[in-house]
2 protein chains.
Amino acid sequence: MSFRKVRNAHKTENTEDYLELIAELLNSKGEARIVDIANELSIAQATANKTIQRLHNQGFIKKQPYRSIFLTVKGQQIASKSKKRHNTVLKFLMNLGIDQKTASADAEGIEHHVSEKTLKKMEKFNSAKKIV
Amino acid sequence: MSFRKVRNAHKTENTEDYLELIAELLNSKGEARIVDIANELSIAQATANKTIQRLHNQGFIKKQPYRSIFLTVKGQQIASKSKKRHNTVLKFLMNLGIDQKTASADAEGIEHHVSEKTLKKMEKFNSAKKIV
DNA sequence: ATAGAAATATAGCCATAGCTATATTAATTA
DNA sequence: TAATTAATATAGCTATGGCTATATTTCTAT
């Protein structure tokens, strides 16, 4: 059993979710605020703030005190990679015949645990569009 | 986005891994020891011990100090459910054409995030045995 | 321009999971 | 049986993510 990989995935999971969400907010609303992040994730603002501080310390985020949030190049790279992976998993689940809502919820959890190899197979399946 | 579900899954994830592993050890070796658990999970014995204490407090495990570990009925139920889910995901990934090693690693992470609906679809896919 | 509202930040708490070091108990073997 | 080894337990540390309460700053509207 290879549980180490899973635990390592966990460390980056929250980071990926935040960066993906920030990228989305920047894209749709033009800015990413702590308030929006907290709402989207259904957590307290203080919790969002704390995580944002961590992401800032780790160089994924650019921000000034009391101002909204931007992604560094490093942050953007992870965000786009995560988004791509998310879409692949979501489409895959829907092609499998799962309804949008369930597929969306499951994809959220699954996306962080899918290897490159598996992702490739899912893409292949998606382009073949074989519904079983 | 439904991140709350993912976070709730995380809380039970480690619990499920432990209970599944303990059931396996009981089955294969006849007993489950902290040493074995720590080795299997590649963590320190002190860490395994601490989690085992938590599982004991939460009523998933029966044990006496300095003795090996057993599952309560509650623990057994979760273990067998987890095992079933794990096998379904593993078979599914392999039917998708993913090699045993990769499938095994991915299943470890994915199994905790698969809803009942998705699990059903995977089972259906598995019994159809359609390799794409 | 300033008062009140909204957003951000900080402090301090809890639980979990990880670690090393050390103590205690059980098992083995000389 | 006694000494050594192995296993378990405990103490104390770190980091993460969750919370509420409160302070501070910025925004908005009168």
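Only heavy atoms go into these numbers, but all of them, side chains included; no hydrogens, no water, no symmetry mates. Labels below follow one simple rule: chain letters A, B, ... track the order of the sequence lines, proteins then strands, and each chain is numbered from 1.
- Aromatic pair B:His86/B:His112: ring centres not closer than 6.0 Å.
- The main-chain N or O of B:Lys62 is never found under 3.5 Å from a side-chain atom of B:Thr72 such that the two would form a donor-acceptor pair.
- A salt bridge does not link A:Lys81 to A:Glu111: none of the charged side-chain nitrogens sits closer than 4.0 Å to a carboxylate oxygen.
- Between B:Phe125 and B:Lys121 the shortest side-chain heavy-atom distance does not fall below 4.5 Å.
- A distance of 8.5 Å separates OG1 in B:Thr88 from CE in B:Met122, rounded to the nearest 0.5 Å.
- Taking atom CZ of residue A:Phe60 and atom P of nucleotide D:dT16, one finds them 11 Å apart after rounding to whole Å.
- Contact footprint of chain A on DNA chain C: nucleotides with an atom under 4.0 Å from a non-hydrogen protein atom, first to last in 5' to 3' order, C:dA7 to C:dG18.
- Annotation: side chain of A:Ile98 is not in contact with side chain of A:Asp106 (no heavy-atom distance under 4.5 Å).
- Going from atom CD1 of B:Ile37 over to atom P of D:dA7 covers 13 Å, rounded to whole Å.
- A close approach under 4.0 Å does occur between a side-chain nitrogen or oxygen of A:Gln58 and OP1 or OP2 of D:dT16.
- Listed by residue number, A:Tyr66, A:Arg67 are the residues of residues 65-72 of chain A with a heavy-atom contact under 4.0 Å to DNA chain D.
- Protein atom NZ of B:Lys29 is 10 Å distant from nucleotide atom P of D:dA7, rounded to whole Å.
- A:Val35 is not connected to A:Phe70 by any chain of hydrophobic side-chain contacts under 4.5 Å among Ile, Leu, Val, Met, Phe, Trp and Tyr, and they are in different clusters.
- You'll find the side chain of A:Ile69 stays beyond 4.5 Å of the side chain of A:Arg33, heavy atoms only.
- Listed here is the closest heavy atom pair of B:Ser42 and A:Arg7: O-NH2, 3.7 Å.
- With hydrogens and angles ignored, the 3.5 Å screen pairs no side-chain donor or acceptor of A:Thr118 with any backbone N or O of A:Val114.
- Salt-bridge check for B:Arg85 with B:Glu16: passed, with a basic side-chain N closer than 4.0 Å to an acidic carboxylate O.
- Residue B:Val35 is the one, among A:Lys11 and B:Val35, whose nearest nucleotide of DNA chain D lies closer to the 5' end (criterion: closest heavy atom).
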Polar atom pairs between nucleotides 18-20 of chain D and protein, under 3.5 Å, N or O only, would you list them?
from   : atom 1 : to      : atom 2 : distance (Å)
D:dG18 : OP1    : B:Arg7  : NE     : 3.0
D:dG18 : O6     : A:Lys50 : NZ     : 2.5
D:dC19 : OP2    : A:Ala44 : N      : 2.8
D:dC19 : OP2    : A:Thr47 : OG1    : 2.7

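- As rounded to whole Å, 12 Å separates atom P of D:dT8 from atom CD1 of B:Ile61.
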